[in-house]
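Protein chains get the first letters and strands the later ones, always in sequence-line order, with residue 1 at the start of each.
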Amino acid sequence: MSGPRYHRTRAQDQRLVGFECTDCGWVAYPDERRTCKSCGAAPAEFEEVALATRGEIQTFVVQQYLPDDIETPQPVAVVDLPQVDGEGEAARVYGLLTESSLEEIDVGTEVDARFREMFADGTRPVNSFKFSVPRADKAGDGGDGE
Amino acid sequence: MNDAYVVGAGMIDFGEHYDQSFDDLLESAYLALLDDVDHGIDPQADIDAAWYGTIDIAGEGSSGASVAHATGLFEKPITRVENACATGSDAFRNASLAVRAGAADVALVIGAEKMLDDTAGLIGSAALERLWRGRGVTMPAYFGMRATRHMDQYDTTREQIAQVSVKNHENGTKYPHAHQQFECSVKDVTESPTVSYPLNLYDCCPVTDGACAVLVANEDRAREFTDDPIRHAGFGLSSDSFQRGGDAALTNFPASRHASRAAYEMAGIAPGDVDVAEVHDCFSITELVTYEDLGFCEEGQGGQFVEEGRSALDGDTPVNPSGGLLSKGHPIGATGVAQVAEIYEQLRGEAGDVQVDDPQVGLQHNIGIGRNATGAVSCVNVLQRP
């Protein structure tokens with residue numbers, strides 16, 4: 001565990017804030033940098049944009065073979081999170097899936113971002129976003145509860 | 001600029017070499033090369049410089065001095081090249097560049113890797129703690145992402161992906177240096193243990209030690225070493241962001257497209273001119289996507305390409321006659337150098353049981369991965385009978 005690495009992206013890890021390149025419109029998440037990782041603008045100008053909590057799975061895998069201290073099966077997806085105002089490009093993010101059965105997951109599945117404990121830094125929990133199939137959409141579930 | 005020619009190649013059997021040190025691997029590949037040069041070589045007098053490819057996972061061979069020590073090539077400029085999984089092919093490219101520029105008349109390219117000394121390191125490099133990447137995302141996951149999306153977008157079947165592995169394992173049984181020499185069926189692949197859905201164990205290359213060396217000479221010197229030199233006709237190297245546009249290409253690797261187009265242009269050929277290819281098949285899906293990236297078929301047609309046998313030994317574009325990384329193994333620093341050596345053998349008609357029919361143009365391709373699922377580096381070399 002790297003404390004400094006965690007602290008460097010703390011604000012973005014705990015809020016769904018992306019950074020839109022004013023040259024090409026690509027949305028960086030979680031990093032805000034000084035050059036654009038899509039169009040190569042240098043220096044680039046970024047505008048802070050709020051990201052929606054619901055996005056769509058673009059592709060995924062289910063990891064089975066991992067170090068012993070990681071729970072398996074471990075689904076991981078590339079998720080496009082649109083901007084809250086519905087304008088501009090979505091942010092494309094890597095995320096772990098949680099609270100979802102493997103049968104529910106496919107390309108095109110909608111998922112919600114949920115703030116969860118990722119792992120511990122010593123005794124302190126480190127939190128960020130995981131993704132899950134919306135609760136209200138699940139059969140037999142009483143609703144989203146939020 | 002001068003032309004550059006491959007005039008010799010030597011490789012060791014890829015496999016598990018716990019009993020051999022890094023020095024042993026380098027020595028063996030080097031001695032095999034000296035033995036391979038048709039007209040012989042006086043290495044101290046003839047070799048002007050060396051380029052050395054390794055990631056140095058084992059932590060034993062970090063600098064050019066490792067090659068000087070292992071070969072006895074003292075007082076010569078030796079440069080280590082590291083460029084992800086394209087390390088070996090980029091070392092070859094750099095040696096060729098020096099020969100073309102006239103900075104060296106004869107250059108040694110040598111690549112080596114001991115992958116089995118520290119497998120925990122490989123898994124550990126899966127970045128357990130980066131929040132934004134997802135915990136423990138491994139190489140099979142990065143490439144598996146392409147497989148899931150390719151199946152969804154192009155109706156590629158799981159069986160077509162598995163056929164890449166079936167083909168390469170069959171080829172590997174005929175190639176003496178391959179690490180894992182067994183045949184398998186589509187069912188064997190799809191029913192082998194799941195590593196990262198949709199990829200199973202037989203979709204993944206083994207963890208392998210290996211070393212390989214090739215000799216590059218300019219046009220004036222080449223025929224001193226052999227009557228049958230092979231011309232390095234073109235190359236391309238492309239570097240991408242670790243997450244270009246958030247990994248925009250979910251079904252392909254843009255770096256491979258850029259690198260191959262540059263290599264084709266330099267060599268003055270088109271994809272259809274390639275008679276034999278050794279490409280990066282770290283996972284079965286990687287080769288399937290690479291058919292498309294290299295222009296051997298249209299985008300989305302990779303599954304049909306392998307299913308129709310077009311990449312088989314007797315197909316119109318044989319791919320990975322050596323068994324590829326899937327069968328032969330992937331000792332990173334040696335991988336690209338070995339692919340160059342294999343194409344050299346093919347173009348000279350010396351590939352034994354995996355020889356394809358009278359090839360004139362051969363292609364070698366590596367893709368390297370970065371911190372995210374994009375192929376962040378790609379190197380392509382085109383070799384040609386003069």
(message) My understanding is that only residues two or more places apart in sequence, or in another chain, count here; which of them pass side-chain contact (heavy atoms from CB on, under 4.5 Å) with Arg149(B)?
(response)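 Applying side-chain contact (heavy atoms from CB on, under 4.5 Å) to Arg149(B) gives Gln58(A), Thr59(A), Val107(A), Gln153(B), Leu250(B), Thr251(B).
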(message) Can you list everything that forms a side-chain contact (heavy atoms from CB on, under 4.5 Å) with Thr208(B)? Sequence neighbours excluded, please.
(response)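 Applying side-chain contact (heavy atoms from CB on, under 4.5 Å) to Thr208(B) gives Phe14(B), His179(B), Pro206(B), Pro331(B).
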(request) Look up atom OH in Tyr65(A) and atom SG in Cys204(B), then write down how far apart they are to the nearest 0.5 Å. (result)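 Nearest 0.5 Å value for the OH-SG distance: 10.5 Å.
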(message) To the nearest 0.5 Å, what is the distance between CG on Leu201(B) and CD on Gln64(A)?
(response)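 With rounding to 0.5 Å, CG (Leu201(B)) is 12.5 Å from CD (Gln64(A)).
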(message) Counting only non-hydrogen atoms closer than 4.5 Å, does Ala77(A) touch chain B with its backbone (N, CA, C, O), its side chain (CB onward), both, or neither?
(response)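 Backbone only.
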(message) Show the nearest heavy-atom pair for residues Tyr94(A) and Met145(B), with the distance to one decimal.
(response)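 Nearest pair, atom of Tyr94(A) first, then Met145(B): CE2-CE, 3.8 Å.
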(message) Counting only heavy atoms not in Glu183(B) (residues, nucleotides, ligands), do more than 12 fall under 6.0 Å from its CD?
(response)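 Yes, because the 6.0 Å sphere around CD of Glu183(B) holds more than 12 heavy atoms from other groups.
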(message) Please output the residues of residues 185-199 of chain B in contact with chain A, using a heavy-atom cutoff of under 4.5 Å, in numerical order.
(response)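 Interface residues of residues 185-199 of chain B: Thr194(B), Val195(B), Ser196(B), Tyr197(B), Pro198(B).
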Can you give me every donor-acceptor pair (side chain of residues 80-87 of chain A, partner residue at least two apart or in another chain, under 3.5 Å) with its distance?
unit_1: Asp80(A); atom_1: OD1; unit_2: Arg92(A); atom_2: NE; d: 2.8
unit_1: Asp80(A); atom_1: OD2; unit_2: Arg92(A); atom_2: NH2; d: 3.0
unit_1: Gln83(A); atom_1: NE2; unit_2: Glu20(A); atom_2: OE2; d: 2.8
unit_1: Gln83(A); atom_1: NE2; unit_2: Glu89(A); atom_2: O; d: 2.9
unit_1: Asp85(A); atom_1: OD1; unit_2: Glu87(A); atom_2: N; d: 2.9

